[in-house]
Amino acid sequence: MLSKIRQYFELIKYCFFGGITTLLNLALLYVFVEIGMNYIVANTIAYIIAVVVNYVFSVFFVFEEKAEGVKQNIVQFGKFCSVRIGSLVLDNALFFLCVSVLGAPLWPSRIILSAAIIVGTYLLNKVFVFIKK
C-alpha cells in the first residue's frame, strides 16, 4: 500500500515539475518565435533549456531513485539525455508535420505534442533512467 502511495506521489511531483518546465518551454518558444526565429529552431533551443531544468527537478525533487557516485551520475545523465534527444527528434518531426505539412496552427499543435511528450518521457524516465538498483 505504501509503495502505491509513493508511486502516485511521484507521478504528482512529475506532473507538477513537468508542468513548470513545460510552461518554461512554451514561454521561451513564444519569445523566440516572436523575435523572428524559425519555429523548429526556437522549439529546439527552448526544449534544451527546459530539459536541463527538468533534469535538476527530476534528480532533486521527483524520483526517489538516486545515482550514487560520479560514474552512476554520469550514466544516469547520459540515459536522461538519450531519452530527451530521442523525444526532441520525434517532437520536432511531429511539430513540423503538424504545422508545415498538415497546416495545423502552431500553438494547438505545440500544446498537444507537449502533453504527449510529458507522458512518454515520464514512462521512459521511470523504466530506463531513474530505476531502482
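Residue numbers count from 1 along this sequence.
- Annotation for Ala50 and Asn25: closest pair CB-CB, 3.8 Å, computed over non-hydrogen atoms.
- Put simply, OG1 on Thr21 and CG on Leu28 are 11.0 Å apart, with the number rounded to the nearest 0.5 Å.
- Between Ile117 and Tyr47 the shortest heavy-atom distance is CG2-OH, 4.0 Å.
- At a threshold of 4.5 Å between side-chain heavy atoms, the hydrophobic network of Ile, Leu, Val, Met, Phe, Trp and Tyr places Phe60 and Val51 in one connected group.
- Atom CD1 of Ile85 sits about 11.0 Å away from atom CZ of Phe80, to the nearest 0.5 Å.
- For the side-chain hydrogen bond (donor to acceptor under 3.5 Å, both in side chains) condition, the pairs that include at least one residue of residues 108-118, sequence neighbours left out, are Asn43-Arg110, Asp91-Arg110, Arg110-Ser114.
- Residues in residues 16-38 take part in these ring pair (Phe, Tyr, Trp, His ring centres under 6.0 Å) pairs, two or more places apart or across chains: Phe17-Phe57, Phe17-Phe61.
- Rounding to the nearest 0.5 angstrom, the gap separating the CD1 atom in Ile118 from the CG atom in Leu113 is 11.0 Å.
- With values rounded to the nearest 0.5 angstrom, Lys79 atom NZ is found 13.5 Å from Ile74 atom CD1.
- Heavy atoms only, all atoms of each residue included: Pro105 and Val99 are closest at O-CG2, 4.4 Å.
- Nearest heavy atom pair, residue Asn54 against residue Gly18, reads ND2-CA, 4.2 Å.
- Phe77 CZ to Arg84 CZ: the interatomic distance, rounded to the nearest 0.5 Å, is 11.0 Å.
- Both Leu90 and Phe96 sit in one connected hydrophobic cluster of ILVMFWY residues. Membership requires side-chain heavy atoms under 4.5 Å apart, directly or through other members.
- Listed by chain and residue number, Tyr39 satisfy the side-chain hydrogen bond (donor to acceptor under 3.5 Å, both in side chains) test with Ser100 (two or more places apart in sequence, or in another chain).
- For the atom pair OG of Ser87 and CG of Leu94, the computed distance is 11.0 Å after rounding to the nearest 0.5 Å.
- There is a path of hydrophobic side-chain contacts, each under 4.5 Å, that joins Leu123 to Val83.
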